[in-house]
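Just so you know, these numbers use all the heavy atoms, side chains as well, and skip hydrogens, waters and symmetry mates. Counting starts at 1 for both ligands and their atoms, in listed order.
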Amino acid sequence: MAPSLLSVIDFSSKTLNPKSTSWATTCNEVTRALEEHGVFIAKYDGAPQEVEDAVFNSLPDLYNLPIEVKRLNCSDTHHGYIGQLPLLPLYESFGLQNPTTEEGVEKFTKLMWPSGNGTFRYVRVFLSSLELWMKEATACTAVAVQIEDFGCGRGEVVDPGKVKIVVNVSKVCHITHCRSDASMIAKSYEIEEEYESLHKSMVHVLGIQKYATPQGNDGSPVGIGPHTDKSFFTILRERQIGGLQIKTKDGDWIEVKPSPSSFIVIATDPFTAWTNGRIEGPCHRVIMKGDQERFSVSLFSFIKDLKIKTPQKLIDEEHPQLFKEFDHYKYVHYYMIEGNKSECPIKSYCGI
Ligand SMILES: O=C(O)CCC(=O)C(=O)O
Ligand SMILES: [Fe+2]
């Protein structure tokens, strides 16, 4: 196992000041980390510990429900309940649709606990703090892509003036929670226009994963096997157990060390296509060790009713277009049906 070289980037609100040069530096760090490993650790203390405890403490209750109740969580977009898979005996997961809305969490809670569950509602509180941050993180990535577009390479100092409009807008979102300022971006840069429309078409699913401990001495420790994510972006939180491993471009596995107030941000297949291959979704897996079961929650974003298209500005003679535009849900469906047999499903699906 290679030592962990993953970047830890501080997103706590004090350092997120769009007027300061530290914001532009953060954007650069994000780009570099994502270009290198497709993943980074985001320090963010905006989700209060009690809320997080409430969320994770309510998860055993969810998994202790009878199997026929768990199976009530079905979905036509492959985000229902998964469990009892002979090839993945340790793994179970739920997909909670629209988790950042009150209705989404309410609907799921009623389905699982018709007479209510007072604790589970904290999921929404937890996610609203996470969602604010996620807006910043994805905006930050868009800014980073844009910086590259201005010809500023790795490690160079970025002129903050160039990223001002985008940065200000994302901060406004952070404060007001609204996106009425989109036209500002649309006027400025082509890539921002495309990013904005993607952002408007973004929906979320909360993945709630449980990994049991391996059975007996010869039980396989594989919680979930090597895969790349099919969401547009993944933000993951786990509970101090460890076990997530990321494959580097050299083929080594890096263990992601659990740490408090941290989220793991993972690029994905659709993100690879959107950035014209600049940022690749990394292969990752979960290997269980020790005798504690493991829970994790992941905020997966998806693009609905709008094709994902590489921004024109990321295509030139040096960077010819690598992917055709595609529908995100059709790609997910393709993956579930046949793409999972391919070495690189996004290339097989829409590669040029
Ligand atoms: O639980 C984890 O740490 C990873 C989960 C994961 O990779 C996924 O759900 O796609
Ligand atoms: Fe994953």
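Near Tyr211, with a cut-off below 4.0 Å to any heavy atom, the atoms of ligand 1 are 1 (O), 2 (C), 4 (C), 5 (C). Residue His284 has at least one heavy-atom neighbour below 4.0 Å for each of these atoms of ligand 1: 7 (O). Residue Ser296 approaches ligand 1 through these ligand atoms, each under 4.0 Å from one of its heavy atoms: 1 (O), 2 (C). Near Val286, meaning under 4.0 Å from one of its heavy atoms, ligand 1 places the atoms 1 (O), 2 (C), 3 (O), 4 (C). Within the listing of ligand 1, atoms 10 (O) sit less than 4.0 angstrom from a heavy atom of Asp229. Taking every non-hydrogen atom of Gln209 and a distance limit under 4.0 Å, the qualifying atoms of ligand 1 come out as 9 (O).
Residue Glu238 places every heavy atom at 4.0 Å or more from ligand 1. A heavy-atom separation below 4.0 Å is not found between Arg285 and ligand 1.
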Could you walk me through whether Leu62 and Phe108 pass the side chain to side chain contact (heavy atoms under 4.5 Å, CB included) test, one step at a time? CA-CA 11 Å; Leu62 176 63; Phe108 182 83; 4.0 Å; yes
I would like to know whether His284 and Ile266 meet side chain to side chain contact (heavy atoms under 4.5 Å, CB included); could you show each step before the answer? CA-CA 9 Å; His284 54 285; Ile266 308 178; 4.1 Å; yes
Could you walk me through whether Arg71 and Gln84 pass the side chain to side chain contact (heavy atoms under 4.5 Å, CB included) check? CA-CA 11 Å; Arg71 287 197 173 130; Gln84 286 78 45; 3.7 Å; yes
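Considering backbone and side-chain atoms alike, Arg294 places an N or O below 3.5 Å from some N or O of ligand 1.
Side-chain N/O atoms of Gln209 and Ser298 include a donor and acceptor closer than 3.5 Å. Side chains of Asp269 and Thr228: a donor-acceptor N/O pair is present below 3.5 angstrom, by distance only.
A distance of 6.0 Å or more separates the ring centres of Phe323 and Tyr349.
Here the side chains of Phe302 and His79 are in contact, with some heavy-atom distance below 4.5 Å.
The nearest heavy-atom contact from the protein to atom 9 (O) of ligand 1 is Phe300 CZ, 3.6 Å. Looking at atom 8 (C) of ligand 1, its nearest protein heavy atom turns out to be His227 NE2, 3.7 Å.
By the criterion of a heavy-atom distance under 4.0 Å, neither the backbone nor the side chain of Phe295 is placed next to ligand 1. Only the side chain of Leu236 comes within 4.0 Å of ligand 1, judged by heavy-atom distances.
For Asp229, the N/O/S atom at the shortest distance from the Fe ion (ligand 2) is named OD1.
Around NE2 of His333, the count of heavy atoms belonging to other residues, nucleotides or ligands within 6.0 Å does not exceed 12.
Between Phe326 and Tyr331, the angle of the ring planes goes over 60°, which puts this pair in the perpendicular group of the 30/60° scheme.
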